[in-house]
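Heads up: the structure comes next, in structure tokens.
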Amino acid sequence: MRMVDVIEKKRDGYELTKEEILFFINGYTEGSIPDYQISALTMAIFFQGMTEQERADLTMAMVESGDQIDLSQIEGIKVDKHSTGGVGDTTTLVLGPLVASVGVPVAKMSGRGLGHTGGTIDKLESVKGFHVEIKNDEFIKLVNLNKIAIIGQSGNLTPADKKLYALRDVTATVDSIPLIASSIMSKKIAAGADAIVLDVKTGAGAFMKTLNDSRELAEAMVRIGNNVGRRTLAVISDMSQPLGFAIGNALEVKEAIDTLKGNGPKDLTELCLTLGSHMVFLAEKANSLQEARELLEKSIKSGAALEKLKVFLSSQGGDASIVDNPSKLPQAQFVFELESKENGYVSEIVADEVGTAAMLLGAGRATKESVIDLAVGLVLRKKIGDKVQNGESLATIYSNFENISDVKEKLYANIKISTTKVEAPILIHEEITN
Ligand code: URA
Ligand code: CA
């Protein structure tokens, strides 16, 4: 097989065979096919697209390019959740203990974050002693025992995707639905889940800014998953404003605790119940979505979900007393209120800009090498549609710097007030099941 023929075939709009896809993925991973030929091919894919079969074959070729996690020693149906990424997205911290508390095994591998706030592991590390450096057999044992454990990224997962994604980044070929969908799905499948619930965000703070694009990506991923034998569905949820109130690592842990107690923000709670119901149903722990939701609501009311968080934290070395006493979490030195300068209604909270404000405080990493400050961040006091009066707080800012005029300026510019009443955005746009 010659790479030039594969490029020409895709350039002219024909469907590549599984053998041709394996040929270029394996050749690229091992280094026998150069960047310039793969660049030409990805550009051809960008313009010509890929059929459903090609997308499934590409995904599996990338899965098979490296290690695959074997979760077969864990009892039950392993359901993973994936979010396409947003601002102040506290769902994983809530969902893990919540679905585990009704018997769904949560075997999560997670990484550190780049951008607005840390990743799930960074957030959890604001709990003193908590660590994710555990051995594989310990991880499996913990999931069987407690239904939940989280382990740091290890092994060589989807090396083909790593190389391809880096190349796409510098060849203007990231924005291709078949390439994005297979990239995301290959990582989820290699991580070993039997079933996958996707939270595809839409709006200003999301990777996909419009509902149409989000739907197209969601459908592409759902088809790939189902075509390769992993039950997959997607929820399209709003990211026109940050989710919940808190943006920042320890602040989000506190928000997750509040939510597991039943006192969380309405939007975060609703999204967790929606995604969680799908996870419980896919794991066959309930006979309907309605029954699944009732189980989760009951678990929050009874305290079982909160208890599960304590067990999860302490079994990985964490100080679980923070659950009853969140003031033991890292605390910022300075607390400021962002006071509204006018009367009206909040009409816009530009999610990515507000996320950047949290990053300026030190809550997120600007580069992989940045050190994050777990204590700092923002807690919104108003969301879109809320009435606000002159002098009332729009947000509380937690900082370890005394001078935060740049942060305040950014927030004032991106939390917009209108004199006419504005409706709160729809939280769950669509659910895509096939
Ligand atoms: N995220 C991924 O993991 N892959 C893409 O291609 C785009 C976003
Ligand atoms: Ca939040």
Side-chain angles (χ1 to χ4, degrees), residues 42 45-46 50 55 58-59 62-63 82-95 110-111 113-120 123 126 153 157-191 196 198-201 205-209 213-214 216-218 220-221 224 237-239 241-260 263-272 349 351 354-355 357-358 363-364 377-381 383 395-396 398 427:
T42 51
I45 292 171
F46 179 89
M50 283 185 127
R55 295 171 188 203
L58 174 60
T59 303
M62 293 202 289
V63 168
H82 176 79
S83 153
T84 58
V87 179
D89 188 358
T90 316
T91 51
T92 301
L93 293 178
V94 178
L95 266 177
S110 215
L114 188 62
H116 311 119
T117 61
T120 301
K123 292 175 194 179
S126 49
Q153 229 124 44
L157 258 57
T158 60
D161 174 66
K162 270 196 201 86
K163 257 186 115 169
L164 203 57
Y165 196 9
L167 182 71
R168 287 165 55 213
D169 205 25
V170 293
T171 56
T173 48
V174 168
D175 294 320
S176 152
I177 294 279
L179 294 177
I180 299 168
S182 53
S183 166
I184 294 173
M185 291 304 289
S186 69
K187 285 174 274 214
K188 285 286 116 179
I189 290 163
I196 300 158
L198 299 163
D199 178 15
V200 178
K201 308 283 190 190
F207 184 56
M208 290 291 168
K209 312 277 181 211
D213 287 349
S214 304
E216 205 187 328
L217 177 62
M221 293 193 289
I224 288 173
S237 71
D238 179 65
M239 195 36 81
Q241 64 179 340
L243 187 68
F245 301 122
I247 306 158
N249 299 282
L251 296 168
E252 288 185 50
V253 171
K254 163 89 168 45
E255 180 167 75
I257 294 168
D258 291 340
T259 307
L260 288 167
N263 305 325
K266 229 170 68 193
D267 58 352
L268 176 62
T269 302
E270 179 54 34
L271 183 59
C272 288
I349 303 179
V354 170
L378 312 165
V379 176
L380 298 171
R381 299 299 168 198
K383 301 273 301 234
T396 307
Y398 296 84
L427 177 67

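Heads up: numbering here begins at 1 and tracks the sequence. One-based numbering, in listed order, for ligands and for the atoms of each.
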To check your reading of the model: name the closest protein heavy atom to [atom], its residue, and the distance in Å.
atom: atom 4 (N) of ligand 1; result: Ser183 OG, 2.6 Å
atom: atom 8 (C) of ligand 1; result: Tyr165 OH, 3.1 Å
atom: atom 3 (O) of ligand 1; result: Lys187 NZ, 2.6 Å

Just wondering, do [Y] and [X] contact through their side chains at under 4.5 Å, heavy atoms?
X: Leu58; Y: Pro178; result: no
X: Leu93; Y: Thr120; result: yes
X: Lys188; Y: Ile224; result: no
X: Ile177; Y: Met208; result: yes
X: Arg381; Y: Thr396; result: yes
X: Thr92; Y: Lys123; result: no

Exercise for review: For Ile184, counting its heavy atoms only, list the atoms of ligand 1 lying under 4.0 Å from any of them.
Suggested key: 1 (N), 2 (C), 3 (O)
**Study point:** ligand 1 atoms in contact with Phe207 (distance to a heavy atom under 4.0 Å)
**Key:** 7 (C), 8 (C)
Practice item. List the steps, then state whether side chain to side chain contact (heavy atoms under 4.5 Å, CB included) holds for Val200 with Met221. Key: CA-CA 10 Å; Val200 178; Met221 293 193 289; 3.7 Å; yes
Practice item. Give a rough value, rounded to 10 degrees, for the angle at the Ca ion (ligand 2) between atoms OG1 of Thr90 and O of Ala246. Key: 110°
Review point. Nearest to the Ca ion (ligand 2), which N, O or S atom of Glu255 do we find?
Key: OE1
Answer yes or no for [X]: is there an N/O/S atom below the 3.0 Å cut-off from the Ca ion (ligand 2)?
X: Leu243; answer: yes
X: Leu251; answer: no
X: Pro265; answer: no

Exercise for review: Answer yes or no: is there a donor N or O on one side and an acceptor on the other, between the side chain of Ser183 and the main chain of Asp161, under 3.5 Å?
Suggested key: no
Check your understanding: Is there a heavy atom in Ile180 that sits closer than 4.0 Å to ligand 1?
Key -> yes
